[in-house]
Number of protein chains: 2
Amino acid sequence: MNTLELIQKNLDTFSKSERKVAEVIIASPQIAIHSSIATLAKMAEVSEPTVNRFCRRLETKGFPDFKLHLAQSLANGTPYVNRNVNEDDGPEAYTAKIFESTMACLDVAKNALDTSLINRAVDALTQANKISFFGLGASSSVAHDALNKFFRFNIPVACFDDVVMQKMSCINSTEGDVIVLISHTGRTKALVEVAQLARKSDAFVIALTAYNSPLALQSNLVLSMSVPEDTDIYMPMASRIAQLVLIDVLATGFTLRRGAKFRDNLKRVKDGIKDSRFDI
Amino acid sequence: MNTLELIQKNLDTFSKSERKVAEVIIASPQIAIHSSIATLAKMAEVSEPTVNRFCRRLETKGFPDFKLHLAQSLANGTPYVNRNVNEDDGPEAYTAKIFESTMACLDVAKNALDTSLINRAVDALTQANKISFFGLGASSSVAHDALNKFFRFNIPVACFDDVVMQKMSCINSTEGDVIVLISHTGRTKALVEVAQLARKSDAFVIALTAYNSPLALQSNLVLSMSVPEDTDIYMPMASRIAQLVLIDVLATGFTLRRGAKFRDNLKRVKDGIKDSRFDI
DNA sequence: TTTTTTCTGTAATAAAATGACATCTAATGG
DNA sequence: CCATTAGATGTCATTTTATTACAGAAAAAA
């Protein structure tokens with residue numbers, strides 16, 4: 001496991017002084033691995049043995065061993081941890097934090113995803129007579145984006161961000177239709193009702209939502225991501241990005257399933273809008 | 001560059017004793033990084049300073065620094081690189097590839113961004129009488145998303161994905177209005193015309209687009225990301241994600257600039273929709 | 001062969017990390 | 001509210017580790 005993530009996760013198991021050390025390391029891991037125990041101790045304003053004890057707590061042999069582990073995990077994967085934006089952060093700080101925590105969330109989302117479920121979702125989508133994407137609030141732009149993607153595949157596809165339209169559309173659904181419902185929390189009442197209507201009409205309901213949420217329980221297939229929303233200042237940020245990437249994954253799975261001929265078709269669509277663009 | 005490869009390549013530039021060290025390290029690098037200079041010297045049957053000199057020859061600060069470099073290059077594989085999806089990739093493969101290359105793109109985007117420009121953009125947005133977000137095609141969902149974010153700030157904000165509406169809106173703009181144009185390529189003729197109209201009406205034009213593109217040249221402020229679109233099967237994927245994260249950054253900058261009182265307001269908006277959700 | 005340069009090892013020094021112990025802090029029970 | 005105790009933290013001593021300076025050996029050049 002990634003050392004940096006490990007530190008982040010165990011942050012509350014550390015003592016006061018050890019947490020100081022953890023924070024200094026998380027803030028600038030690259031500096032940490034190039035420092036001696038003395039300089040790091042000074043940076044964290046603790047004593048040298050405290051740094052050493054901190055290292056041991058992370059199941060390493062000591063400080064030099066810890067540095068090796070940290071160095072490896074910095075090279076290995078995400079040096080990106082979910083850091084919250086502070087009130088006094090400048091543009092550099094909050095830009096970096098948001099990008100990095102988004103990347104960290106994508107990493108978590110990737111690991112939490114069940115690819116066999118993705119495969120089943122792609123199965124359902126490729127066999128669908130019609131695909132509908134529904135979302136409300138912040139999730140409606142995800143639905144729009146999905147529309148934009150699947151629309152190019154030249155199959156019947158719809159997208160509504162209005163509850164009434166969504167319900168009407170569900171009532172008119174039949175077996176063979178796939179309805180994709182998008183909601184971060186999975187607790188929006190209106191969307192749960194939409195799911196119920198869709199099920200009544202024998203449509204296949206795929207939910208991009210939280211595991212075990214009311215919406216998830218009403219769906220045929222759930223793609224859950226369990227992304228923490230720490231960074232957010234009262235609005236969904238990283239979760240929505242993860243959903244979008246998941247849409248990309250589904251769209252890619254779709255095109256791969258359809259084969260090479262189909263992809264040529266996509267290219268023609270793209271070439272078709274050439275005239276509306278400036279040449280280089 | 002990979003340290004182990006570097007050693008291999010420079011094998012003939014070393015002296016006799018240094019080569020002994022090199023060979024021991026190449027033979028068992030995992031042991032090497034966990035050994036002290038003394039044990040490694042003994043293994044190579046040379047003196048300790050020889051090992052040290054060997055490390056310096058590889059442009060490291062000394063033995064501990066060398067170990068860090070070696071540890072990093074031993075950390076398996078290049079993690080988040082832009083790997084293209086192949087026709088014969090299974091669900092695990094393409095899911096991982098899409099997530100990872102999205103993360104790689106975000107990393108590139110983050111490094112390419114100019115935070116002073118972000119700061120200026122936040123300046124403009126906070127002082128705006130009215131903010132409009134315009135995008136066409138795939139970028140329209142980014143514009144929608146931006147609307148959803150800035151709408152919560154309780155300021156006049158608009159979003160159109162229709163060229164005619166966009167143009168009309170621009171003609172009605174006045175000084176103090178900010179228009180944010182979103183386009184990956186920056187070559188969509190219609191959107192460039194929109195930019196020109198907006199400038200004529202003395203609106204401040206911010207473009208989220210490619211550097212030096214026709215759209216960029218027509219704008220007051222350009223936030224460019226230069227994200228490669230390798231992974232894409234003829235549709236924007238990662239670039240759009242990067243734009244969305246950039247919107248998050250701008251929205252965060254906005255809330256930070258507005259201060260604590262303003263953030264309490266945001267919380268009230270969120271609490272206000274509580275009734276429409278299921279409790280846990 | 002002599003001279004010069006380059007390499008390599010020894011020993012001294014400096015730096016770093018760890019261990020032992022004392023002190024402080026905070027929590028628990030009287 | 002104080003005494004006791006477990007845990008946390010720092011100081012200092014010790015040990016380990018790395019680096020430097022220098023001298024002798026090997027190789028190359030004259």
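As the structure is a computational prediction, the values presented were derived from the model and not from experiment. Protein chains get the first letters and strands the later ones, always in sequence-line order, with residue 1 at the start of each.
Closest-nucleotide positions on DNA chain D for Val46(A) and Glu48(B) were compared, and the one nearer the 5' end corresponds to Val46(A).
Applying the salt bridge (charged side-chain N to carboxylate O under 4.0 Å, His left out) criterion to Asp65(B), with sequence neighbours excluded, gives no partner residue. When the salt bridge (charged side-chain N to carboxylate O under 4.0 Å, His left out) test is applied to Glu59(B), no partner is found at least two apart in sequence or on another chain. With sequence neighbours excluded, no residue satisfies salt bridge (charged side-chain N to carboxylate O under 4.0 Å, His left out) with Arg53(B).
Side chain of Ser15(A), nearest nucleotide from dA8(D), dA18(D), dG19(C): dA8(D). You'll find that the side chain of Pro49(A) is closest to dC12(D), out of dA21(D), dC12(D), dT9(D). Across dA16(C), dA11(C), dT11(D), the shortest atom-to-atom separation from the side chain of Ser47(A) is found for dT11(D).
The separation between Phe14(A) atom CZ and dA8(D) atom P is 12 Å, rounded to whole Å. The separation between Leu40(B) atom CG and dT16(D) atom C1' is 16 Å, rounded to whole Å. At whole-Å resolution of the value, CD1 in Ile33(B) and C1' in dA18(D) are 18 Å apart. In this structure, Ile37(B) places its CD1 atom 14 Å from P of dT10(C), rounding to the nearest Å.
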Would you mind writing out the side-chain donor-acceptor pairs for residues 19-34 of chain B within the sub-3.5 Å range, not counting sequence neighbours?
unit_1: Arg19(B); atom_1: NE; unit_2: Leu11(B); atom_2: O; d: 3.1
unit_1: Arg19(B); atom_1: NH2; unit_2: Phe14(B); atom_2: O; d: 3.0
unit_1: His34(B); atom_1: ND1; unit_2: Gln30(B); atom_2: O; d: 3.1

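Pairs of residues two or more places apart, or lying in two chains, never qualify as salt bridge (charged side-chain N to carboxylate O under 4.0 Å, His left out) while including a residue from residues 33-51 of chain A.
At distances below 3.5 Å, at least one donor-acceptor pair connects side-chain atoms of Asn111(B) with backbone N or O atoms of Asp107(B).
Under 4.0 angstrom from either OP1 or OP2 of dT16(D) there lies no side-chain N or O belonging to Ser36(B).
Residues from residues 52-66 of chain B placing a heavy atom under 4.0 Å of any atom in DNA chain D, listed by number, are Asn52(B), Arg56(B), Gly62(B), Phe63(B), Pro64(B).
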